[in-house]
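Naming: A, B, ... by sequence-line order, numbering from 1 per chain. Just so it is clear, the model here is predicted, and its values are computed rather than measured.
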Amino acid sequence: MASLPSVVIGNAVKFDPEFRKLTPTSTLQFEKCYSSSTKELDKSFESFSLEFREALSFITQGGNTDELESSSYVPLLQECINNNSVSGVESIHAHITKTGFSQELFLMTFLVNAYAKCGTMDRARRVFDNLSQRNVVTWTSLMSGYVHNSQPEFAISVFKEMLEIHGYIVKYDIEYDASIGNALCSLYSKCRNLGMAIKAFKRIEEKNVISWTAAISACGDNGNSAMGLDMFVQMLSEGVNPNEITLTSVLSACCTMQALDVGSQIHSLTIKLGYGSDLPVTNSIMYLYLKSGYISEAKKIFDGMNTISLVTWNAMIAGHAEMTSVAEDGLSAHLCGIEALKIFQRMKKSGLKPDLYTFSSVLTVCSSLVALEQGEQIHAQTIKTGFLSDVVVGTALVNMYNKCGSIDRATKAFVEMSIRTLISWTSMITAFAQHGLSQQALQLFEDMRFVGVRPNKITFVGVLSACSQAGMVDEALAYYEMMKNEYKINPVMDHHACLIDMFVRLGRIDEAFEFIKKSDLTPNEFIWSILIAGCRSQGKLELGFYAAEQLLQLKPKDSETYFLLLNMYFSAGRWKDVSRVRKMMRDEKVDKLTDWSWISIRDKVYTFKFGTKKHHPSDEVAKFLEDLVDRARTLGYNVDTNLEVVDEGKEEPTALAAPHSEKLAVAFGLLNTSKATHIRVIKSISMCRDCHNFIKIVSTLTSRTIIIRDSKRLHKFVNGKCSCGDFGGLI
DNA sequence: CTAGGGTTAG
C-alpha cells in the first residue's frame, strides 16, 4: 500500500494512500497517475500494398495526373480507410485540393467519410464546413461518423441542423428515405433510446433489409431481444429475405435469450439461405451452442470451420469463461476455466494477438480460478499491448485481484484507471465490502456520487453488504431508504438478504423476522438459509424449525440448503426430520455435495477431494496436517463433530478421520510455497465451521495469509481473523 | 459517396 501514488480521480476526488480512502475535493486538477501506452492510431505506409504505394507516390510527387479523374481517388481513399491511415487521407486530400477536384461533391463526401472512418472527426467536420454544397449523403456521412466515433450528441445536432436546413428549403417535406431512417434508427439505438429507434424505423416507407436489421439489432442492443425475435418473424412474413447480417443479429438475440430452440431453427435457415460458411454467422451459432451449455456441439462447429478469426477464439474463450460462473458444480466450473486458458494458449500459438475482448475474458477466468500468478502475467501483457487503458479490461483486472484476495492490488488497479464506469465503481465498492473493509466501501460510494455517477441496484447490494458486515444498522437503513426514494430503485431480494444478514450477525434475530414479515417481497431460499444459520448458531431452535418448514415448502434448488437443514436436524437429534429431508432430496433429485478444493501453484493446479483414495494426500501432507491439528489444539482448537458436513447416503456424519478438502489443499500449499506467499484455495461448496475455525488458527500458527473462496464467498484469513466476520453462511 | 452484424467487466 505504501507504494501507491497519491492521485486525483476524475476531477473531484483525491485518493490518499495513507488513509486508504478517497477525499472529495473540487479544487484539484485532474492528474493522470500513469501513462497508458498510446494506441497505435496510424500506420506507416510500409503496410500498404505495393500498388498503392506506387500510385500514391506517383500522384503526390508530381507525376502526370492529366488523365486522373475524380473517381480515381476512391480506391486510394478506400485503401487508407482499410489501413486506418489518417496521414494517407491527408496527403490525398492535399492533392485533391491542388488539382481542383475539391469542387466534386461526390469526392468530398467520400473524404468526409474517410476522415470519419479513421477516427478523426475534427478533420471530417472541417472538410464538411468548407463545402459550398452538400447533399443527403454528405450529411448522413457526417452524422454516421459521429455515431461511429461514439459522439452521439454531435450526431444529433448534425441531424437537427440538417432538418432545419432541409425544412427551410422544402417546408418539412423532406425525403425520408430508407438511408436516413436506417441511420436514425441506429443513432437512437446507440443513444439507448429504443422507443425512438423503433419510431424512426416505422416511419420508413419502403423498409429494406438494412432497415429491418437495424431495428432488430436495436432491440438486442437495448435489452429487448424478445422484441427483436418478433420483428424477425414479422420481417419474414412480409417477404423480406434476411441476409447474413440480419442472421447474425437475430442469432445474437437468441443467444442472450438462451433460446436454443429458436436458434437452432435459424441455424437451419442460415444453411438454407446459403450463409452456412459466413464467418460472423458461424461465430454466432458456435457461441449460441456454447452459451446454451452444448460445449461439444460448439467444439464440433469450431473444428469444422475453414477460416476462423480473433472473434472466433474470443467467443470460445468467453463462452468457457462464463461457464465458470454458471456451471452446476464446482468441478465442471473449474474444468471450464482450465479449458479457457488452454484455448487462450492455442490462440497465441496460432500467431493471433489478443485484444481487449480476449484480455477481459481471460482475466475473468483467472478470477474464477483464483489464479493470481496467471492473472499477473495477463496483467503484464495488457500493459505491454496497451489494452489496459480500456475500461472493461481495467475493471476485469480490479475484479481479478479482488477475487484472488489481493485488495491492495485491486485498489491500485482501480486508482490507476483513467476512465471509470458505473461497473468499475461498483466492482471496487463490492471488493471493499467483500474484504470486510466497510468504511472504505462506503467512502468510495460517497465519492462515486460526488463525481456524479448514478448508482444502480447492484451498487446498493455492495453498499448494504458493507453496512451489514460492520453492523451499521442505522446507516444500512438510511442507504436502503436512499435507494428507494432518491434513486427510485425497487429493492430486490439481495438487498433484503444484506439487511437480514446484518440483524442475524448482531444476534437480533427477532428483528430479522420482523423485517421479513413487513417486507413486500416473498422470502426465498437464500433468506431462509441465512435465518436458519443464525438460529442455529444462537441456539434459537424453535425459530429455526419454523424457518425450516417455510424453506421446505419452497422446495429448494441448492444442495447446500438441504445440508444446512440436515445438519440442523441432526444436531438437534430430530431423526424423523433428517429422514424427511433425505426423502425430499431423493424426490427432488438434489445433487449430492462433492467437496473439492483446488490450489494453483506456479501455473499448475492441484486437486483435492474429500474422502477418496484417488485424491489421497501424500504421507508428507497427511503428517504435516496432523501436526498442524496438534499445534492448533494448544491454541484452543476443538474438533466440532456436530458441524461435520453430512455425507450423502449415510445417516450419521462421517468421522473426522477424513479431513475436508480445503485442509488438505492448505496443508499442501503451506508445504510447497515460500514463507511470504499467500495461500489461495478454491472450494466447491461452503466451508464448514470446523474448517473455518481451524484455518483461522493456522493463519496465526504459520503467519501466513490464507485465502479460501468457497461457493458462497471469499474468506481471507489473517492473524486468526477472517474477512467474513465469522458469518460466512457456513454449513 | 451514406444506413445494418459476431466476441468483454460488477
message = Under the rule for ring pair (Phe, Tyr, Trp, His ring centres under 6.0 Å), what residues qualify as partners of Y275(A), not counting sequence neighbours?
response = none

For F232(A), all residues meeting ring pair (Phe, Tyr, Trp, His ring centres under 6.0 Å), sequence neighbours excluded =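 If we apply the ring pair (Phe, Tyr, Trp, His ring centres under 6.0 Å) test to F232(A), skipping adjacent residues, there are no hits.
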
task = Sorted by first residue and then second, give each side chain to side chain donor-acceptor pair (under 3.5 Å) pair with at least one member in residues 278-288 of chain A; sequence neighbours left out.
result =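 Listed once each, the pairs are N283(A)-T312(A).
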
key: Pairwise side chain to side chain donor-acceptor pair (under 3.5 Å) hits with a residue in residues 104-121 of chain A, at least two apart   = H93(A)-Y115(A), T109(A)-T138(A), N113(A)-K117(A)

Just call it for [X]: base, sugar-phosphate, or nothing, with non-hydrogen atoms closer than 4.0 Å on any strand.
| X | result |
| --- | --- |
| D355(A) | nothing |
| S284(A) | sugar-phosphate |
| T364(A) | sugar-phosphate |
| F110(A) | sugar-phosphate |
| K207(A) | nothing |
| K291(A) | nothing |
| T358(A) | nothing |
| S427(A) | sugar-phosphate |

request  = Report the relative orientation of the aromatic rings in H379(A) and Y401(A); use parallel for angles under 30°, tilted for 30 to 60°, perpendicular for over 60°.
outcome  = perpendicular

query = Would you call the rings of F359(A) and F344(A) parallel, tilted or perpendicular if under 30° counts as parallel and over 60° as perpendicular?
reply =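 Aromatic pair F359(A)/F344(A) classed perpendicular.
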
message = For S350(A), give me all partners under side-chain contact (heavy atoms from CB on, under 4.5 Å), at least two apart in sequence or on another chain.
response = W313(A), L352(A)

message = My understanding is that only residues two or more places apart in sequence, or in another chain, count here; which of them pass side-chain contact (heavy atoms from CB on, under 4.5 Å) with A333(A)?
response = A327(A)

Of residues 263-281 of chain A, the positions that come close to DNA chain B - non-hydrogen atoms, cut-off under 4.0 Å = D278(A), L279(A), P280(A)

message = Going 5' to 3' along DNA chain B, which are the first and last nucleotides with any atom under 4.0 Å from a heavy atom of chain A?
response = dC1(B) to dG10(B)

query = Restricting to pairs with a member in residues 348-358 of chain A, which pass salt bridge (Lys or Arg N to Asp or Glu O under 4.0 Å), not counting sequence neighbours?
reply =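 Salt bridge (Lys or Arg N to Asp or Glu O under 4.0 Å) check on residues 348-358 of chain A returns no pairs.
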
